[in-house]
2 protein chains.
Amino acid sequence: MAVKLTDVAQKAGVSVTTVSRVINNHGYLSDKTKHKVFTAMKELNYQPNSLARSLQGKKMKLIGLIFPEITNPFFAELIQDIENILFEKGYKIILCNAQRDKEKERAYLKMLLANQVDGIIAGAHNLGIEEYQELGLPIVSFDRKLSENVPIVSCDNYQGIKLAVHDLIQSGCHKIFFLGNKQLKGNPTDQRLKAYLNEAENLNFTPHICSVAFSDSTLLKNITIHEMLQNDHPDGVVCTDDLTAILVLQEARKLGLKVPEDLKVIGFDGTKQIQTYHSELSTIAQPINDIAILLVKLLLQRISDPNKELNKKHYILPVKLIKSLTTA
Amino acid sequence: MAVKLTDVAQKAGVSVTTVSRVINNHGYLSDKTKHKVFTAMKELNYQPNSLARSLQGKKMKLIGLIFPEITNPFFAELIQDIENILFEKGYKIILCNAQRDKEKERAYLKMLLANQVDGIIAGAHNLGIEEYQELGLPIVSFDRKLSENVPIVSCDNYQGIKLAVHDLIQSGCHKIFFLGNKQLKGNPTDQRLKAYLNEAENLNFTPHICSVAFSDSTLLKNITIHEMLQNDHPDGVVCTDDLTAILVLQEARKLGLKVPEDLKVIGFDGTKQIQTYHSELSTIAQPINDIAILLVKLLLQRISDPNKELNKKHYILPVKLIKSLTTA
DNA sequence: TTGTACGCGTTATCAT
DNA sequence: ATGATAACGCGTACAA
């Protein structure tokens, strides 16, 4: 059995109350007693039990993170940033890989509840609003609308795609395709398609939408992309994420299309990973670190004061165009 | 306050014991009672408190994962696989990003202890053996030697580099460089350099080692690679990870070197990510999923039977050559 | 078949 | 300045 308060108390020749006081720096204690207790703790390598502690109503300093996957560099970088910030503040994270699995997400929600997490940062949403609402836990959401009283953080999806379209137009494109999810679900990311359609109207070009779902397999995406390139001959493609943009580049190469001469491509996300290992790709960069900072800040606010009204429901962070070879 | 056992008991008109029995399916209960309890649970949306449960001696069903980073696709995929397998078995994970930070790793170790995790899968090791040993917790290690009684899982690092060298030789290389960590620390990954040196002797070529540390910045790596390519004119490079291999390809392109005509490159890891988005790269693939399966299996064994002697200390899993364009 | 009472490790309240 | 004890929510021996 692990070392506990009683052991330390016995070793130091004081009561458990005193030891608890020393640890939590409560009330008045003589330096002599403090010293005795500290040395006893060191000697026994004592580590307080968080569980027993939070049984008393203390915070677990534990945050649940729900994301669809961590192998996608965007999520990996976002999660890593969130983890770093939370660690600084003394919080640990339970990582939940919801994939596209309603049941898994539901199971994880239960687990987080059972583990008395202090709050949840949600980035995957296979589930409906209600299930999140009835948790009765502080939640913040990334890029998805969950409920009226859950604050949303997202980048400026509209402005992002607008920048992308303008970049392609300025680079001389005439037949610009939108490659991404077609279904609108009331989420901030819907703004991407909306921006594309609006700009098509403003800039007077015919919109073409090639639909690939985030959840499609790479193989399926490749086939869709191949057909688009071969049959429709776009000279510009706006992709709603960088990975899909890379697939377009690969398929283009296979078809003997020269980038950027025959075809220009622009992505979305702007992760360090892709910028380092595919530096040729033009993209719209999301401010990943700022998103992480804001998500954490809002969550900790809600944890410390759950009933305070939200100033804002939806926080939109600015994006940045990173121009590179694929739209040169 | 959250719903607790007493609330359910009251609602169902039975004692807490009965409710507890229903939940854990213990002893004999009348169907009528069961039914009453179940409906009460549903109505109150009751969720047992893991903390109180494990205070009382039950397992937390929580595993700590310590890795240096999650943005590296190799770790991301390994962690994702581990997470999936553990989830199936009813375990949750606390993710610890140790980076290259001794203090952070130490702090995390304490936290894991405080949170009563059932065990640890360790893949980052800035710390010495002792600190892991005195935890008194079931541990398994990936690719690093921690302690005599901590089982290690790793791929066949020796065979991997041997395959890589042979592939380059067969592709006609004469001046083959080893690009990776030069320092030997008694870990399984040391076998990579050893294999290179041995094969140089066996196959009768002069070994050239270009040293880059895993922790070097991309910029620094690029400079080192650039100098190697420009000054030493290798015609083949064995890299100890895929990401570094991609950097070599990029620097080669900048220098106008044609791959594979002027220069052949082979990587190590073989993640799905790199294979999908850099399918041109030849590499040595680690069996990531098998590693995950084995790590979990060994850990759960040690959790259920901590004192059982290890059959083996070091489990070595086979690697596979994936031949592609960069060594064509 | 069901209920009472105690213990898990910690903190808070009340005493001394 | 320090100690005794109840309470947190749950599981379980023991009792009924």
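Residue numbers begin at 1 in each chain, while the letters A, B, ... track the order of the sequences. Just so you know, these numbers come straight off a predicted model, no measurement behind them.
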ask   = Taking atom C1' of dG9(D) as reference, at what distance in whole Å does atom NZ of Lys4(B) sit?
value = 7 Å
request  = Would you please confirm or rule out a distance under 4.0 Å between OP1 or OP2 of dC10(D) and any side-chain N or O of Tyr46(B)?
outcome  = yes
message = Keeping Asp118(B) on the side-chain end and Ile63(B) on the backbone end, is there a donor-acceptor pair under 3.5 Å?
response = no
request  = Could you tell me whether Ser54(A) contacts a base, only the sugar-phosphate backbone, or nothing, with contacts defined as non-hydrogen atoms closer than 4.0 Å?
outcome  = nothing
remark   = Atom CD of Gln47(B) and atom C1' of dG9(D) are separated, to the nearest Å, by 14 Å
ask   = Heavy atoms under 4.0 Å, any strand shown: does Leu29(B) hit a base, just sugar-phosphate, or nothing?
value = sugar-phosphate
remark   = Here the distance between atom C1' of dG9(D) and atom NZ of Lys58(B), to the nearest Å, is 15 Å
note = At a 4.0 Å cut-off to heavy atoms of chain A, the contacted part of DNA chain C spans dG9(C) to dC14(C)
query = Closest nucleotide of DNA chain C for Lys34(B) versus for Ser50(A): which of these residues is on the 5' side?
reply = Lys34(B)
task = Mind running side chain to side chain donor-acceptor pair (under 3.5 Å) on Asn84(B) and Lys104(A) for me, showing each step along the way?
result = CA-CA 10 Å; Asn84(B) 275 324; Lys104(A) 197 172 177 194; 2.8 Å; yes
ask   = Among residues 14-26 of chain B, which contact DNA chain C at a heavy-atom distance under 4.0 Å?
value = Val14(B), Ser15(B), Thr17(B), Thr18(B), Arg21(B)
query = Over its full length, what angle do the end axes of the helix from dT1(C)-dA16(D) to dT16(C)-dA1(D) make, each axis taken from five pairs and the result rounded to 10 degrees?
reply = 40°
Spacing between Arg53(B) atom CZ and dC10(D) atom P, to the nearest angstrom = 8 Å
request  = May I have the distance from Leu5(B) (atom CG) to dC8(D) (atom P), rounded to whole angstrom?
outcome  = 13 Å
ask   = Short question: side chain of Asp81(B), backbone of Leu78(B) - any donor-acceptor pair under 3.5 Å?
value = no
inquiry  = With a 6.0 Å cut-off on the ring centroids, do Phe214(B) and Phe74(B) count as close?
reply    = no
Rounded distance (Å) that lies between atom C1' of dA1(D) and atom NZ of Lys32(A) = 11 Å
task = Look at all strands and tell whether Thr6(A) reaches a base, only sugar-phosphate, or nothing, counting heavy atoms closer than 4.0 Å.
result = nothing
key: Side chain Gln80(A), main chain Ile70(B), donor-acceptor under 3.5 Å   = yes
